Amino acid sequence: MSSIVWFRRDLRVEDNPALLAGVRAGPVFAVFIWAPEEEGHYQPGRVSRWWLKHSLALLDSSLRSLGTCLITKRSTDSVSSLLQIVKSTGATQLFFNHLYDPISLVRDHRAKEVLTAHGVAVRSFNADLLYEPWDVNDDNGRPFTTFTAFWEKCLNMPFDPEAPLLPPKRIISGDVLTCTTDVLVFEDELEKGSNALLARAWSPGWSNADKALTTFINGPLIEYSKNRRKADSATTSFLSPHLHFGEVSVRKVFHLVRMKQVLWANEGNKAGEESVNLFLKSIGLREYSRYLSFNHPYSHERPLLGHLKFFPWVVNEGYFKAWRQGRTGYPLVDAGMRELWATGWLHDRIRVVVSSFFVKVLQLPWRWGMKYFWDTLLDADLESDALGWQYISGTLPDGREFDRIDNPQFEGYKFDPNGEYVRRWLPELARLPTDWIHHPWNAPESVLQAAGIELGSNYPLPIVGIDAAKSRLQEALSEMWQLEAASRAAIENGTEEGLGDSSESVPFAFPQDIRMEENIEPARNNAPATTRRYEDQMVPSITSSLLRGEHEESSLYLRTSAEDSRAEVPGTVNINREQRRDTLNQAIPETVRNPQLNFPIGLRNAEDSTAESSSSSRRERDGGVVPVWSPPSSSYPEQFIGEESGIGASSSFLQGHPQSHQILNWRRLSQTG
DNA sequence: TGGCGGTTCAA
DNA sequence: TGAACCGCC
């Protein structure tokens, strides 16, 4: 009875329930499958791949010291690869830990179906969250729609998060000779130079994650609340990349931090307690990001507030490029963007500054910014980043006010009062006195001259004035509300006929019959402590929200996404769509196959975009295009894909998407509900 | 102690 | 913009 333990973003041996289940069941084949194409345009960027490479190496050596090794596979279809491994090894069981991003939800569900059909016993576990998303509900049994309420509930659940599991003492290895290993390539020659720098600042891998955790808890944690306002203080936990790849268990983090909390509470250490609460809140946000992704699988590409669909984003390549290069003319923003580019890292505060600037001042579609973060951040994480950008963009029920513009000049003096951060990342401003460091455009000519600055030449003038941005934002908002009202009126007139008549229009639906059962392990059901832990992965279902009579956006997206999402996806991912469909058809029953969610593969190619790129301030609805995904070998491309039909996007939106009338205001819904 | 205005800070 | 907080009279 040998088993496959399928590692994904749980690259650790400690507190790894899937690994432990495998070890208990007998000989183990530890497997990692590298199938980036499955992630569509959210394939890991350069720095993420660098991290992964090192993390896997460490996992492998840990597994070796325990008695087995990591089998790696290069694949374009994880499920097929699993099946191959089953066939070659004769394994009869598969264990893995849950993931909650939309692609994994579908892929993992499919893995269960397919392998079960081949006689393999499949079990999955929670290793990524304090509580499973489906366990945290309000008094009416519904999912929360605001973070604060969600987190309060988490902190007051009737049962504590599971205590972390110890690593196995020894692993009996399956006969690894029955299974070939592929050499995985995570970086190309061009990337090696840049990647070499990363190793100076970061040490991937679970044992290093453990060290980082200990260091943080015994050091900076107590000052967390005090220091978190500084742009460049080295006092954050630096755990996020470790957490992203599951090198450290969030439950371990939680328990250790809680112990400190008790200690400091007893000592009456107020600052310490506050720090703990704040830090736990950031853990909570990570939880909430999974929660949102599970409950709204489109949160990485659609605003959760329906009316934001109508916001006329500014589609301006020049702005986008200036932002990426740190040449917006706002020192704090530019410093942040240069740090991000150089290091793959940004302090949380600065992430808020640059993304807020992106959305509110430049009014570029937030999904572009999110995609850029995805490509450049060391801790890029689809769920967390989607939550962050939606929050900043004001597209969540509890997000920031949409019409609020933060002024980078004032934020500069708040987070970087002495200008040290700006001077570090913007050498051209290094000699500018602090009085002007965050608003050089106001500085007297003599001061600029003395500092060797020529605005518009070696440092840009502000790309957009704050006042201009404010009035443009007001215009855009009133346009948005007009469109929203028009669309609502259309519903009342019954003009929105023909909705949802084809199967295409419900591409994301999980038919009721494929919803997962909650229990799979009848033998264990008597033991309350374990039933919860071993509860099977749930799959979000359109049925539940429709039954509740909620027409919130996710059910809307279920209707509209087939067409426009496919059109949105950038085209440089080199996969032959037809081929892929064929393999899918072989592998899974028609009922599960889901054209939208399985693999958002690009239909468009680069030529399409060049045709568009001349119109540099095109506007369009919905933020529906994203920058071209950069293949591993090239640098980030300067062009991006235009809307399908080009310039007429905004006017054609309503005609093209009559179903969008279904959108109601999310906030209103949650109030009545 | 309490009411007031200025300040801070938003997940 | 508005609630929470703080220091002052």
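Hydrogens, waters and symmetry mates play no part in the numbers below; they use all other heavy atoms, side chains included. Order of the sequence lines fixes the chain letters, A, B, ..., with proteins taken first and strands second; residue numbering starts at 1 for each chain. For clarity, every value in this text was computed on a predicted model and none was experimentally measured.
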A:Phe147 over B:dA11, stacked by centroid distance under 5.5 Å, angle under 30° = no
What N/O pairs connect the protein and nucleotides 1-7 of chain C at under 3.5 Å? Give each pair on its own line.
none

d([atom1], [X]; [atom2], [N]) in whole Å:
X	N	atom1	atom2	answer
A:Glu411	B:dA10	CD	P	11 Å
A:Leu292	B:dA11	CG	P	15 Å
A:Phe144	B:dA11	CZ	P	17 Å
A:Trp389	B:dA11	CH2	P	19 Å
A:Ile405	B:dA10	CD1	C1'	17 Å
A:Tyr391	B:dC9	OH	P	13 Å
A:Leu396	B:dA11	CG	C1'	9 Å

Centroid-centroid under 6.0 Å between [X] and [Y] rings:
X	Y	answer
A:Phe159	A:Tyr131	yes
A:Phe358	A:Trp368	no
A:Phe238	A:Trp345	yes
A:Phe279	A:Phe216	yes

inquiry  = For a side-chain hydrogen bond (donor to acceptor under 3.5 Å, both in side chains) check, start with the C-alpha distance between A:Asn316 and A:Gln363, then their side-chain angles and the critical distance, and finish with the verdict.
reply    = CA-CA 9 Å; A:Asn316 182 318; A:Gln363 291 165 36; over 6 Å; no
task = Would you kindly check whether a donor in the side chain of A:Asp406 faces an acceptor in the base of B:dA10, or vice versa, at under 3.5 angstrom?
result = no
inquiry  = Under 4.0 Å, heavy atoms only, any strand: does A:Arg351 hit a base, just the sugar-phosphate, or nothing?
reply    = nothing
request  = Mind listing the residues from residues 273-285 of chain A sitting with a heavy atom below 4.0 Å of DNA chain B? Number order is fine.
outcome  = A:Lys281, A:Leu285
ask   = Going through the checks in order, is the side-chain hydrogen bond (donor to acceptor under 3.5 Å, both in side chains) test met by A:Ser55 and A:Glu247?
value = CA-CA 8 Å; A:Ser55 190; A:Glu247 297 173 350; 2.5 Å; yes
request  = Test A:His244 against A:Asp381 for side-chain hydrogen bond (donor to acceptor under 3.5 Å, both in side chains), laying out the working first.
outcome  = CA-CA 6 Å; A:His244 171 74; A:Asp381 180 285; 2.7 Å; yes
ask   = Regarding A:Arg351 and the six-membered ring of A:Trp389, is the cationic atom NZ or CZ under 6.0 Å from the ring centre and inside 45° of its axis?
value = no
message = Less than 6.0 angstrom from the centroid, inside 45 degrees of the normal: does A:Arg290 satisfy that with respect to the ring of A:Phe294?
response = no
